[in-house]
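Here is the structure we will look at, set down as structure tokens.
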Amino acid sequence: MRTVDKSSRRSAFVCQQCGHSAPRWLGQCPGCGAWSSLVEEALPAPRPRGARVAPSTSAAPQPLATVTAGDALRRPTGLGELDRVLGGGLVQGSVILVGGDPGIGKSTLALQACGALAGQGCTVLYVAGEESPEQVRMRADRLGMAESGVLIVAESGAEAVAELIEKSRPAAVVVDSIQTLATAALASAPGSVGQVRESAAVLVAACKASGVACFLIGHVTKEGTLAGPRVLEHLVDTVLYFEGDGAHALRVLRAVKNRFGSTNEVAVFEMGEGGLVEVPNPSAAFLAERPVDAPGSAVLATLEGSRPVLVEIQALVSRSGLAMPRRTAIGLDPGRVALLLAVLEKRMRVALHDQDVFLNVAGGLRIDEPAADLAVVAAVASSARWRPLAADVVVWGEVGLTGEVRAVGRAEARLREAARQGFRSCVLPASNARGLEAPNGTRAVGVATLERLFEVLALA
Ligand code: TYD
Ligand code: MG
């Protein structure tokens, strides 16, 4: 095993804001005065005096045209949706960070990918740092892959894992999780920013050198970043986030960085008794429990990556007993919601100042795009007026401060998805509706203002 002699350990505490280096940890950086900004970093081994760095011979320039594209080195994992998010499969020597809240299903996804790869006859190594091999075996039993040829090792030394990778050269390795790994070069505890970064660097170097694809699993910390200030994202080739609401079964896998594919791809899975199952029709899954004729429910056509998906936005407006009425938005940006409520109150005279307003995206999805505005407004107005929207209408569009409805991207794709799911009528920005060909059996109604929206939806 490769070990580092602790007496020769060379590390320094470096300020992440100004680069000041100190021999030990300090609460405040003497260089710039920032608090808690010092992180332990490994220092390179000292060079003997007068020794010159040997020039690297591999850096000779070559014509771009003679560089061969690496697509031939792509191997599908066998989990179709995961492959799609990865851009068509696992690229040899690539490092993929899988981030997400604890308990969301990262280990399950990784183990299922291992099982699928092993099923194709590939050697796969699972490095268990969080759980014991027995626990992983129990999960494998549950996933029906107990007989798969996945190799497992309980190891938490980064150098030891790197040596295993270089020696056994599996097709893929899973490190669960990067926060349990530690390199002997640093004295800090596993999970600290310095350790996470240095351990990942050791593994990345080993994987690149031996052409082994690697999944690094990382927990998202309370601040919503991976082990501190996104310390790993620039180190790895691909960053996938596994999202969802623990209370719901639906999970969304999203690429936020991908050197080997598009970041617009999104996969939807459902967590069941036998592990994660791909959801081929996400719209139907997100709308499965939609109530009919219930005030406060509106269907939105949103884009998940490049894919149009229909989701239900629910609103409940109810009289408040508080001096400061409550505004709760789950799955939506609270600042955006506050703005829309103000527009509704001022422009449309919907009295909300003495009302609690609760909003929720059914199914546990998070929506960031402004195209959700029109559906939020429709759901809130529908609850406030206690009038249900028609069951076969889909709404989308951005709302401006003067109550105007603004165009959003990919109207045609949204329209097609609504038609495919059997919705008869789409209410969308007027500037999007112009020249838009609605599929048979579906009507596209353009609205330019909130007044017009209220007329069309019979909320006026
Ligand atoms: P896990 O993969 O351990 O999450 P993470 O690694 O992201 O922390 O998944 C944990 C949850 O998934 C746990 O609450 C149990 C549930 N689960 C199922 O519902 N079905 C299954 O087949 C498996 C393996 C897990
Ligand atoms: Mg886990």
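Keep in mind the model is a prediction, meaning the values are calculated, not measured. Read the numbers this way: they start at 1 and go in the same order the structure lists the ligands and their atoms.
Within a 4.0 Å radius of atom 13 (C) of ligand 1, the protein has no heavy atom.
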**OP:** Please test Asp368 against Asp333 for side-chain contact (heavy atoms from CB on, under 4.5 Å), starting from the C-alpha separation and ending with a verdict.
**Re:** CA-CA 7 Å; Asp368 295 322; Asp333 172 18; 5.7 Å; no
**OP:** Could you walk me through whether Val91 and Arg259 pass the side-chain contact (heavy atoms from CB on, under 4.5 Å) test, one step at a time?
**Re:** CA-CA 10 Å; Val91 175; Arg259 284 193 186 140; over 6 Å; no
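Arg327 places a side-chain heavy atom less than 4.5 Å from the side chain of Leu352. Glu304 has its side chain out of reach of Pro282: every pair of non-hydrogen atoms, C-beta onward, lies at least 4.5 Å apart.
Short contacts between ligand 1 and Pro102, defined as distances under 4.0 Å to a heavy atom of the residue, involve ligand atoms 8 (O). Proximity to Gly275 (heavy-atom distance under 4.0 Å) selects the following atoms of ligand 1: 21 (C), 22 (O).
Using a cutoff of 4.0 Å between basic side-chain nitrogens and carboxylate oxygens, Arg414 and Glu417 are not scored as salt-bridged. A salt bridge is absent between Arg307 and Glu265; no separation between the charged side-chain nitrogens and carboxylate oxygens falls under 4.0 Å. With respect to Glu134 and Arg137, no salt bridge is recorded, no charged nitrogen being found less than 4.0 Å from a carboxylate O. Asp83 has no carboxylate O lying under 4.0 Å from a charged side-chain N of Arg74, or vice versa, which leaves the two without a salt bridge.
Nearest protein neighbour of atom 10 (C) of ligand 1, counting heavy atoms only, is Gly103 O, 3.6 Å. Of the protein's non-hydrogen atoms, Gly105 N, 3.0 Å is the one closest to atom 4 (O) of ligand 1. At the top of the distance list for atom 19 (O) of ligand 1, counting protein heavy atoms only, stands Met271 CG, 3.3 Å. Atom 3 (O) of ligand 1 has Arg139 NH2, 2.8 Å as its closest protein atom, hydrogens excluded (heavy atom only). In terms of protein heavy-atom proximity, atom 2 (O) of ligand 1 is closest to Thr108 OG1, 2.6 Å.
Ser188 and Gln195 share no donor-acceptor pair across their side chains, judged by distance under 3.5 Å alone.
The closest heavy-atom contact to atom 20 (N) of ligand 1, among the options Ser107, Gly272, Gly274, comes from Gly272. Closest to atom 25 (C) of ligand 1 by heavy atom, among Arg251, Arg142, Glu270, is Arg142.
If you look at Lys106 next to ligand 1, the close heavy atoms, those under 4.0 Å, come from the backbone and the side chain alike. With a heavy-atom cut-off of 4.0 Å, Glu273 touches ligand 1 through its backbone alone.
At a cut-off of 2.8 Å, Thr108 does not coordinate the Mg ion (ligand 2) through any N, O or S atom.
Gly100 does not count as a contact of ligand 1, since none of its heavy atoms falls under 4.0 Å from the ligand.
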